[in-house]
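What follows is a set of notes on a single structure, which appears directly below.
Below, chain A is the first sequence line, B the second, and so on; all start at residue 1.
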Amino acid sequence: MNPINESFYQKPTLELAKSFLGMLLVHEAEDGITAGWIVETEAYIGPEDRAAHSFNNRRTKRTEVMFGKAGYVYTYVMHTHCLVNIVSGEVGHPEAVLIRAIEPYIGLEKMYERRGFDKKEQQLTNGPGKLTKAMAITQELYGHPIFQNPLYLVEGNVPKTIESGPRIGIGNSGEAREYPWRFWISENQFISR
DNA sequence: TCGCCGATCGGCT
DNA sequence: GCCGATCGGCGAA
């Protein structure tokens, strides 16, 4: 399992968000390895995107990494959950792709241990906050290069059919609410909704 | 410093 | 479907 090269991330954000589908996300955490196929993503293309944290070129300690090179991890905390993104676009263009759901592949036992043994397999990773907990992805990984240990992507299978639609949970974002920038693998059991 | 708000989740109706 | 938990980031003062 070799990490995908840094050059892979040098493509337009919408294209990148689609190309992630079917690829394997791997985390070699200290307490165990987990991995899963990416089945759902969302693109955030600031500064024009009202739903993006980088809207209006808002540059803060939190959004700083999005202004840098593609292929680095942007994590942030939402309520009590950590959400994971991969920075995209050219330097100075604050864009990123949110990983919304994965299909468990390696380390299922570890995922149950972290999420609770009462969960059904389908509930382990079918949401952006759930998959980070199952894979032990935390704020420590902010700024991590996604083409290196311990968190990286591996080549996978190209999905049969991809669908797209409006993004989830961004109700107060004007026109941006309608942009079909959410992508998922058709009929996959692990998408968030 | 304070107050508001959210790219969520899980439990309850 | 609806709602409350819960907490860091951000802007206002």
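Residue-level contact check: N85(A) touches the bases, meaning some heavy atom is under 4.0 Å from a base atom. Contacts of R167(A) with the nucleic acid, taken as non-hydrogen atoms under 4.0 Å apart, are absent. Across all strands, L98(A) comes closer than 4.0 Å to base atoms (heavy-atom distances). In this structure, R115(A) reaches the sugar-phosphate backbone alone: every heavy-atom distance under 4.0 Å involves primed, P, OP1 or OP2 atoms, never a base.
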Using a cutoff of under 3.5 Å, can you pull out all pairs of nitrogen or oxygen atoms linking the protein to nucleotides 11-13 of chain C, with atom names and distances?
none

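Between V87(A) and E95(A) there is no side-chain heavy-atom pair separated by less than 4.5 Å. W181(A) places none of its side-chain heavy atoms less than 4.5 Å from the side chain of P166(A).
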Using Watson-Crick and G-U wobble pairs with both distances under 3.5 Å, what is the 5'-to-3' dot-bracket string of DNA chain C, with [ ] for crossing pairs and | for pairs outside the strand?
-> |||||.||||||.

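Extent of DNA chain B lying under 4.0 Å from chain A heavy atoms, first and last nucleotide in 5' to 3' order, is dG6(B) to dG10(B).
Under the 6.0 Å cut-off for aromatic ring centres, Y72(A) and F147(A) qualify, their centroids lying closer than that.
The pair R100(A)-E42(A) counts as a salt bridge, with a side-chain nitrogen and a carboxylate oxygen less than 4.0 angstrom apart. Using a 4.0 Å cut-off between charged side-chain N and carboxylate O, K110(A) and E113(A) make a salt bridge.
By the 6.0 Å and 45° rule, K11(A) stacks over the aromatic ring of F8(A). Both tests pass for R167(A) against the ring of Y44(A): distance under 6.0 Å to the centre and angle within 45° of the axis.
A straight line from NE2 of H79(A) to P of dC3(C) spans 15 Å, rounded to a whole angstrom. Nucleotide dC10(C) holds its P atom 10 Å from the NZ atom of K61(A), rounded to whole Å.
In this structure, H53(A) and Y76(A) have perpendicular ring planes: the angle between them is above 60°, well past the 30° mark.
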Which is it for V84(A) and V73(A) under the side-chain contact (heavy atoms from CB on, under 4.5 Å) test, yes or no, and what are the steps along the way?
-> CA-CA 7 Å; V84(A) 63; V73(A) 170; 3.9 Å; yes

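A donor-acceptor pair under 3.5 Å is absent between the side-chain atoms of R177(A) and the main chain of N172(A), judged by distance alone.
Across the interface with DNA chain C, nearest-nucleotide mapping of T80(A) and Q139(A) shows T80(A) to be the residue nearer the 5′ end.
Counting non-hydrogen atoms of other residues, nucleotides and ligands closer than 6.0 Å to CZ of R59(A) gives a total above 12.
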